[in-house]
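Right, one structure below, let's go through it.
One-based numbering, in listed order, for ligands and for the atoms of each. Just so you know, these numbers come straight off a predicted model, no measurement behind them.
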Amino acid sequence: MTTSFPHESPIMAPSMLKCDYANLQQEIDRLAAANTHWLHWDVMDGHFVPNLSYGALLIESIRAKTKAFFDAHLMISDPARYLDDYIKAGCDAITFHIEAAPDPTEVLKRIRAAGRKAGLAINPGTSPTQIEPFLPMCDLVLLMSVEPGFGGQKFKPEALEKAKYLKPRLAPGTLLSIDGGIGFDTIGLAAAAGCQVFVAGSAIFGEPDYTSAVQNLRRLAGHVG
Ligand code: DX5
Ligand code: ZN
């Protein structure tokens, strides 16, 4: 069976990097109550990025607890080596970095062959022309609007030009996602530039009421000018 993207627009993908891990089930329930359908898992290996988070074991243990769409963002070196762990963990979309896999063809094909959505991520310093040849193999393109590795950073507006460049070049059905510094001041700009999936950590988990935070973000993303 092939995973399909949930029907939702605009798509909010809460970045679990910012959640309260001592109360993970409660956090997942609060996000579901806020009407979000995606969970964005930031996997960091302390090598590709200067920070460590969690891996496939943690994601797999949560898989049984929710029907949410699992959006794995692998900030790791050598994604080909670890890919099967994330497939086995039940990730619905698996995104890895072009900077970690200069020829991503095989990994993209393996993700699709496993019936999952294949994503390619691009760092702020990388030209969008580097991922252009691989766009027909992508179900999702993730634009980093901060340097990967940490939540709570300031949005880099250069990502907007990249979004505008890539959007008309995507294959039909490929989603454009943006990650880093997405909040009340920036989500509208990202939506106007063509982004459809909005990864947000601080803007949701930093608010006392997730439901109103998500509603406000969705409303601001809907104002496409
Ligand atoms: C950064 C991660 C992001 C980050 C987003 O490396 O990929 O998903 O946690 O957090 P905020 O929304 O706080 O920038
Ligand atoms: Zn991320």
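In this structure, W38 has its ring center no closer than 6.0 Å to that of F198.
Between L24 and M16 the shortest side-chain heavy-atom distance falls below 4.5 Å. At a threshold of 4.5 Å between non-hydrogen side-chain atoms, the residues V199 and I178 do not count as touching.
In this structure, Y82 places its OH atom where only 12 or fewer heavy-atom neighbours from other residues, nucleotides or ligands lie under 6.0 Å away.
For E132 and Y165, the side-chain atoms include at least one donor-acceptor pair closer than 3.5 Å.
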Which pairs of donor and acceptor atoms, one on a side chain in residues 135-155, lie under 3.5 Å apart (sequence neighbours left out)?
from : atom 1 : to   : atom 2 : distance (Å)
D139 : OD1    : R112 : NE     : 3.4
D139 : OD1    : R112 : NH2    : 2.8
D139 : OD2    : R112 : NE     : 3.2
D139 : OD2    : A118 : N      : 2.8
S145 : OG     : D179 : O      : 3.1
S145 : OG     : G180 : O      : 2.7
Q153 : NE2    : E147 : O      : 2.8
Q153 : NE2    : F150 : O      : 2.9

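With waters neither drawn nor counted, the protein N/O/S atoms under 2.8 Å from the Zn ion (ligand 2) amount to 4.
Rounding to the nearest 0.5 angstrom, the gap separating the NE2 atom in H73 from the CD1 atom in I94 is 13.0 Å.
Annotation: ligand 1 has protein neighbours S15, L17, H40, D42, M44, H73, M75, M144, P148, G149, F150, G151, G152, D179, G180, G181, V199, A200, G201, S202, each with a heavy atom less than 4.0 angstrom from the ligand.
With L166 as reference, I131 is the one residue of T129, I131, T174 to meet the side-chain contact (heavy atoms from CB on, under 4.5 Å) rule.
With side-chain heavy atoms closer than 4.5 Å counting as contact, directly or through intermediates, the hydrophobic cluster containing F48 also holds L17, M44, V49, M75.
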